[in-house]
Amino acid sequence: MEKFVKVTSTAVPMPIEDIDTDQIIPARFLKATNREGFGENLFRDWRYEKGNEPKADFVLNDSTYSGEILVAGKNFGCGSSREHAAWALYDYGFRVVVSSFFADIFKGNALNNGLLPVQVSDAFLSDLLQAIKKNPALQVTVNLPEQVISFDDKAETFEVNAYKKECLLNGYDDIDFLVSIKEEIEAYEASSKVI
Amino acid sequence: MAKTLFDKVWDAHVVKSLEGGIDVLYIDRHLIHEVTSPQAFSEIEKRGLTLFRKDQMVATPDHNVPTKDQHLPIQEALSRHQVDTLINNCEKHNVTLYGLGHPFQGIVHVIGPELGITLPGRTMVCGDSHTSTHGAFGAIAFGIGTSQVAQVMASQCLLQSRPKTMRITIDGKLNKGVYAKDIILYVISKLTAAGGTGYFVEYAGSAIRSLSMEARMTICNMSIEMGARGGMIAPDETTFDYIHGREFAPKGEAWERALDYWSTLYSDEGATFDKEYNFPAEDIEPMITYGTNPGMGIKITSAIPDRLAEAGEESFNKSLKYMGFQAGESLLGKPIDYVFIGSCTNSRIEDLRIVANYVKGKRKASNVNAMIVPGSKQVEKQAKAEGLDKILEEAGFELREPGCSACLGMNEDKVPAGAYCVSTSNRNFEGRQGPGARTLLASPLVAAVTAIEGKIVDITKHLN
Ligand code: SF4
């Protein structure tokens, strides 16, 4: 996993609620057996017409907006557990998703892939969306060590689990850790009473 | 101290606790399928690791498989490649695989319970969000991403922060024509598609206790549709009777020991939950969804609301536009093009019986394309043994071979753009059943009545 410390970038506004993982990456694109290349089909059915012409009114096709930060409505990433959703966002070039609420599995998947979910208050989210609309060149900074997201003179702290933060800052992952405690796992197995 | 059912099962699986509230949680059973496992196998190989407990894994292909002519090679190249990759990985790593044609093959969440792999008090995971289904037995079961699939392969453990607990109690007697699917659609419509996020839910109350195991699975299956990590129901006599004698269920002396342990799995008197909801069973009527998330459900006889308190106007309007519906209108009388009966929510034998029982001696409407897909080979076999296939055929339905089918637009079974489908599956997201497809979620009975009438009707008028 790549390290994540700090990102300063313009941002892409997507003020839609309940964006589910079927929209982020539709099931028919889940047939690959490797992790690369999913960015091409990110938001496929919102991004392209049936005949593959880009839909002009979708924000990813609007050259006004670009950047490594996606700012979305609440309950982002609900639905299926497909990690392909996190891969697709990352592969497309996003490093951060900002929302006022994330679905659990998506949040975990994102963190396991170096994509930082930043949960902010409803008020901060709506200020941020407005600010981007007003000025698409707005620079937004996400600072992981300090757990702060900021733009203009506004800033808000965000939560991130201490262990996950360590992993992101150092580019470690859970497998490294779990394999290192193998003996404790075996000791647990020997003592478990579960059938 | 009084403990919840969830706490009892969780605590029995904590290998160790880390700083920051993360537990190393031991996983008893790991189910895998073709879509979310290939990258996990590659990850294990890339790191030079081996499977830590291959005997605690079971694999089956379900998402990508055709539901016709399963004895022939899969036509679509990418699907075939994914299923072949599963076969190769299982051979290479010595994992039990119930492949196409095997008498145990089926949707992963249907076969776990019917084979006795799913047991009370166990922890179970699968790279699939509807793993919550297995919670019906009093197991802690939840969906995971592919990185976590690799973690379980490597260590049989996961790093997890403990979710909050919620109890949803439904007391009373269910109305006629109301099934488990209506109960859960009703609950989600009350709590919204995000109302359970961060929680593990226990379903309780006399109405839940009165349900069969299959109905309980339908309820737990859709816990994820309100954002919950999972759902569970305390095991009882109904649970034990269901498990007894199944292929991998404990036998003989082990069965007695199991019963002793399982009988301790309930929420103690006075145990506290982070959140509690109570609904009277009498308030629940046959349900249907009108929008593009499972929280957008109404009583089949009610009108679509004018707005949704918890949703922004933009999202609500976008959803109705996609569905081709108007705020405030009734769905009664709307013509329907497709009826899909299947998926891990409603593809078990009881579901097929409900449908067969209703359509017996009737004929589906000519404007409806009706698909009925058993959840597993075992279900298919049972349906044929009971002659349900004949009844369905005479009514103009086709009983297909097991798989996820039109639940998600990933295999050959799809709903065309713009078409309306009343579906017994669990998700009505945009494009879920195929690009542009419009899904209305409902119970098997509502689906059966719709197929016969060719349009949405007040089903209570059609019950004898
Ligand atoms: S039937 Fe549908 S929801 Fe269930 S596992 Fe298959 S695709 Fe997922």
Side-chain angles (χ1 to χ4, degrees), chain A residues 1 15-18 20-23 26-28 30-35 44-46 50 73-75 78-87 101-106 108-110 112-113 161-166 173-179 181-182 184-185 187-189 192-195, chain B residues 12-13 15-16 18-20 22 24 26 28 35-36 38-39 42 47 49 64 78-79 81-82 85 119 121-122 127-129 143-148 150-151 154-157 159 161 193-194 197-198 227 229 250 257-258 261 293 311-312 314-315 318 408-410 417 427 429-432 435:
Chain A
M1 196 171 81
I16 302 167
E17 291 163 14
D18 298 317
D20 60 77
T21 52
D22 275 74
Q23 306 320 316
R28 62 187 190 281
L30 306 187
K31 300 192 186 198
T33 51
N34 54 29
R35 284 179 192 242
R44 181 75 201 196
D45 295 336
W46 286 355
K50 244 185 139 186
K74 74 165 183 258
N75 199 23
C78 58
S80 141
S81 62
R82 59 188 70 160
E83 193 160 319
H84 313 67
W87 300 340
F101 201 82
F102 287 95
D104 280 337
I105 304 183
F106 174 80
N109 287 341
N112 281 336
N113 287 280
N161 176 280
Y163 166 81
K164 281 288 167 202
K165 181 174 171 180
E166 273 302 299
D173 65 21
D174 293 353
I175 297 190
D176 298 324
F177 173 77
L178 289 168
V179 169
I181 60 161
K182 189 168 159 231
E184 289 170 81
I185 298 172
Y188 164 84
E189 286 178 320
S192 169
K193 291 188 187 54
V194 178
I195 310 287
Chain B
H13 289 87
V15 173
K16 70 187 279 190
L18 311 180
E19 262 177 73
I22 290 193
V24 177
Y26 190 80
D28 296 311
V35 181
T36 53
Q39 293 89 350
S42 330
R47 291 171 191 244
L49 297 168
N64 256 328
L78 288 171
S79 297
H81 176 64
Q82 223 171 30
T85 305
L119 297 179
R122 277 189 169 167
D128 191 284
S129 54
I144 56 177
T146 297
S147 295
Q148 294 172 305
Q151 290 161 29
S155 68
Q156 209 57 37
C157 286
L159 291 166
S161 45
T197 304
R229 212 58 184 91
R257 251 187 309 129
Y261 178 54
N293 76 56
E314 198 171 341
S315 302
K318 182 174 186 301
L408 89 173
M410 186 157 190
R427 289 194 171 136
F429 299 152
E430 285 184 29
R432 171 76 178 181

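Since we're looking at a predicted model, the values are computed, not measured. Values reported hereafter were calculated over all heavy atoms of this structure, with side chains retained and with hydrogens, waters and symmetry mates removed. To find a chain, count down the sequence lines: A is the first, B the second, and so on, and within it residues start at 1.
Interface remark: Ser147(B) contributes backbone and side-chain atoms alike to the contact with chain A (heavy atom separation under 4.5 Å). Looking at Leu18(B), only its side chain comes within 4.5 Å of chain A, counting heavy atoms on both sides. With a 4.5 Å cut-off on non-hydrogen atoms, Arg427(B) touches chain A through its side chain but not through its backbone. Only the side chain of Glu314(B) comes within less than 4.5 Å of a heavy atom in chain A; its backbone stays farther off. Residue contact with chain A, scored on non-hydrogen atoms closer than 4.5 Å, involves the side chain of Thr85(B) exclusively.
Heavy-atom pairs under 4.5 Å with chain B peak, among Asp104(A), Asn109(A), Leu30(A), at Asp104(A).
Ala103(A) and Thr197(B) make their closest contact through CA-CG2, 4.3 Å (heavy atoms, listed as atom of the first residue, atom of the second, distance).
Of the N and O atoms on the side chains of Gln39(B) and Trp87(A), not one donor lies less than 3.5 Å from an acceptor on the other residue.
With contacts defined as side-chain heavy-atom distances shorter than 4.5 Å, the pair Asp18(A)/Ser315(B) does not qualify.
With sequence neighbours excluded, the residues satisfying side chain to side chain donor-acceptor pair (under 3.5 Å) with Lys164(A) are Asn112(A), Asp174(A). Residues that satisfy the side chain to side chain donor-acceptor pair (under 3.5 Å) test with Glu166(A), not counting sequence neighbours, are Asn170(A).
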* Worked verdict on Asp45(A) versus Glu430(B) for side-chain contact (heavy atoms from CB on, under 4.5 Å) -> CA-CA 9 Å; Asp45(A) 295 336; Glu430(B) 285 184 29; over 6 Å; no
* Asked: How far apart are the C-alpha atoms of Leu49(B) and Ile175(A), what are their side-chain angles, what is the distance that settles it, and do they pass the side-chain contact (heavy atoms from CB on, under 4.5 Å) test?
  -> CA-CA 10 Å; Leu49(B) 297 168; Ile175(A) 297 190; 3.8 Å; yes
